Amino acid sequence: MSAYARLVHAEWTKFRTVRGWVIGMLVAAAVIVGFGLFPGMEGTCRGANVCGLPVGPEGQEVTDVFTFVHRPLTGDGTITARVASMTGARPDLTDSGTGDVAGVVPWAKAGLIVKDGTRPGSAYAAVMLTGAHGVRLQHNYVHDLAGSTTSAATPRWLRLTRAGDRVTALESADGVSWTGIGTVRLTGLPATAEVGLFVTSPQFTKVINASSASGAPSKATAGFDQITTTGGWPAGTWTVATGGDPDAVGGPGAPGGPGDPDVGNRGPAGGSRPNGAEETGGGFTVTGSGDIAPAVAGAAGLGTSISQTLVGTFAGLVLVVVIGAMMMTGEYRRGLIRTSLTAAPRRMTALAAKATVLGGVAFGIGLAAAAVVIMFGPDILRGNGIYVHHVSLATEVRVVAGTGALLAVAAVLALAFGVLLRRGTVAVTVAIVATVLPYLLSMTVLPIAAGEWLLRLTPAAAFAVQQSTPRYAQVDGLYTPSNGFFPLTPSEGFGVLLAWAVAGLAFAAYRFRRRDV
Amino acid sequence: MIVVNGLRKRFGSQTALDGMTFSVEPGQVTGFVGPNGAGKSTTMRVILGLDAPDAGTALVGGRPYRSLSRPLCHLGSLLDAGALQPGRTARNHLLWLAHSQGLPGRRVDEVLERAGLQGVARRAAGGFSLGMRQRLGIAAALLGDPPALMLDEPFNGMDPEGIIWMRRHLRGLAAEGRAVLVSSHLMSELQDTADHVVVAGRGRVIADTNIAALLESAGAGRVTLRADAASIDAAAGVLTAAGAVVTRADARTLAITGLAAEAVVSLLTSHAVPFAEVSSHRATLEEAYLELTRDAVEFRAASSPSSSEVTR
């Protein structure tokens, strides 16, 4: 047996024979599980109020609510129209505000769409003028291609052509000279698709601070004219489908989100027009509210993510970090460090063995606790009437393993602080300030930007391993830490913690090797 | 077994070791004596690789301690019996040490028995008396069945029964052929234990000698004669004639050097000089030590000489 293996065995014996440490680790797991299985959250998705989100062709939960002026198109064909005007209204979310504020929200959309029927979540391709993001070609909810940066105030000609399973989008300022935006492929699009004009305008949200926000639906109205069609259009008239209509696009409205008291959901912006369409001379005036986009978890979107079930991680981390620091400082306090180094005079091996045992135990604790939480926690939330976004098994595995790794590496960092600082209170304080405090501050009181910087720079960046739903550039979600969105990707965030731990342990090893004890 | 050569170490402006050089041989107990601050504990920490010397070497069985793969099988040591995790049981304390050396749990039970701790093996070490902690420390030192042992002030704070146990134990370990180095700041503690003594002062070795030679050098013996005033001059004459140096202490007392008490008695008897009492002052280890360290001590503990008397 190598010296390292013997010392790992010895450190394991040391760990398991101090009852306080073993109990502390088990309590850490219990706390994580407790927060996950006994959430203090209630939602409105219960009883008769069944919640559900449509699922897009690529598997994501999506929002598919808009006003649709459509006709069936069989085979290939083209539709051309000019968005002559685009206006909107959003609720006034200032403290004193009561009415509506005129203006188009940035991701309000007005344009042309080819869609596989009117079933929510069906495949589509659409070219649109947006409130503040210019002209876009989007398809199947998650794909977004930018065209020109035309403002909503400028009339814009749009054209959509279906050829087989390909849809090509063009735009023009005058209807004479056209610019291509791109071509997308809608696999499995049936011979007859619903094609026409659409308008929608997403939920408007205002961030109040790190843990609260206010939001309400907005509305957009677009004037379409110069509508021409070529190709396989059977004779017939335009049909209007409105998002709010139970039988039409979008289904039974928005599913209930978590009853989060911090998110004030006010009534929708009234505006002068109800959602719908009105035929005008040679065109339509269409008013819509909703979105055609991936559904985003969090206060601004719908429901929550599985990350919510792991909110107890910080409390478990406190215990793990305290034990990690004290496994070292306890030896200094009692002079036991001399006994340890007399038994293991090769100090690097001794330190490596201690870090291995501590990291291994913390990883196991974190892994087991997170696995239990992810296995049962989301269903418990759903039972409480909260909509929880579905994630892939791979994401679940990453969140569970990442939680274990977060605890393990943070514990080793705390051990390094213990070696460097030697005094328990000092080392424990520094370790908690470095790992847990930035997370708590960014979740609660700090301005969002400041909190996000903490979650980029401090060891708490590794909480990013728990982000379970993606952010989308084409959705103005509340991508804040308290809604489960971190400024770094899981691997980047974990990398930040790892870098801290490697640097801390290397410095600790350097000092430990030379120091008299 | 343990060879210390030219160790030097400074802590800031304080010189702790100033060329400390000695060796510890197997089969005997070597006392490592000196006043507080003489560098005994620092030397032991350097031998164990806990402190790095500024110069010099310390070897255990010919190798630096830090290079030993299973160090507890080469040198068992006890520096601080109080260095224990209070919640851990005695057996578990020994168990992790055993595991660190790849030794089986059976070995733990053996040393527990040898140290007389079987009865308290599963009690938390935090509740142990100092004597029990010293025994636990001895058990830990013996775990690897090492050919050399090194104990720092093992008698400190022990009750008389514990001191007797410790002395017997140390003698027994040396009798098994082990090299045993025992430090103490009180020479008297080593009186009936050590075969050899290394006396340290101000970071270096003042004397490195076996106990018998030390005692001989320190006091060839001083004899006091008490007699009647009438016969005291006759006695002085006889003894001076026999080559002794005689000093008149008072009207009835002579101090004699250069003759053993037995020789004084037989001379006076054969010359028919009456006398009341002849007493021989044999130098104690403590006196010999004080004499050696007179110049080297930084701190001297009060002590009183003892005497043994031959009375007639």
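Quick note on labels: first sequence line is chain A, next is B, and so on, each numbered from 1. Here the structure is a predicted model, which means the values were calculated and not measured.
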Side chain, backbone, both or neither: which part of [X] has a non-hydrogen atom closer than 4.5 Å to chain B?
X	answer
A:Ser340	both
A:Arg19	neither
A:Arg515	backbone

Nearest heavy atoms of [X] and [Y], plus distance in Å:
X	Y	value
A:Pro345	B:Pro71	CD-CG, 3.3 Å
A:Thr339	B:His93	CG2-CE1, 4.4 Å
B:Leu95	A:Arg16	CD2-NH2, 3.7 Å
A:Ala10	B:Trp96	CB-O, 3.3 Å
A:Val517	B:Asp51	O-OD1, 3.3 Å

Is the number of heavy atoms from other residues, nucleotides or ligands under 6.0 Å of [X] [atom1] greater than 12?
X	atom1	value
A:Met326	CE	no
B:Glu113	CD	no
A:Trp21	CH2	yes
B:Arg10	CZ	yes

B:His99 side chain near A:Lys14 side chain, heavy-atom distance below 4.5 Å: no
Residues A:Thr17 and B:Arg88: side-chain donor-acceptor under 3.5 angstrom: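 Side-chain D/A pair, A:Thr17 to B:Arg88: present.
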Does a donor on one side chain sit under 3.5 Å from an acceptor on the other, for B:Ser69 and A:Arg346? no
Winner by heavy-atom pair count (cut-off under 4.5 Å) against chain A, out of [options]:
options	answer
B:Leu79, B:Leu48, B:Leu72, B:Leu97	B:Leu72
B:Leu78, B:Leu50, B:Leu84, B:Thr89	B:Leu50
B:Gly144, B:Gly49, B:Pro86	B:Pro86

Pairs of heavy atoms under 4.5 Å with chain B: top-ranked of A:Ile337, A:Val8, A:Val18, A:Leu341: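 Of the candidates given, the most pairs with chain B belong to A:Val18.
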Check: B:Asn92 side chain, A:Thr13 main-chain N or O, donor-acceptor pair, under 3.5 Å: no
Could you tell me whether the side chain of B:Gln101 and the main chain of A:Ala343 form a donor-acceptor pair under 3.5 Å?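 It does hold such a pair.
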Heavy-atom cut-off 4.5 Å, strictly under: side chain, backbone, both or neither for B:Leu75 against chain A? neither
Of the backbone (N, CA, C, O) and the side chain (C-beta and beyond), which part of B:Arg45 lies under 4.5 Å from a heavy atom of chain A, both, or neither?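 The side chain, not the backbone.
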So how far is it from A:Asp516 CG to B:Phe11 CZ, rounded to the nearest 0.5 Å? 5.5 Å
Separation between CD of A:Glu331 and CD of B:Gln85, rounded to the nearest 0.5 Å: 8.0 Å
Show your reasoning for whether salt bridge (charged side-chain N to carboxylate O under 4.0 Å, His left out) applies to B:Asp80 and A:Arg334. CA-CA 10 Å; B:Asp80 174 8; A:Arg334 305 193 166 87; over 6 Å; no
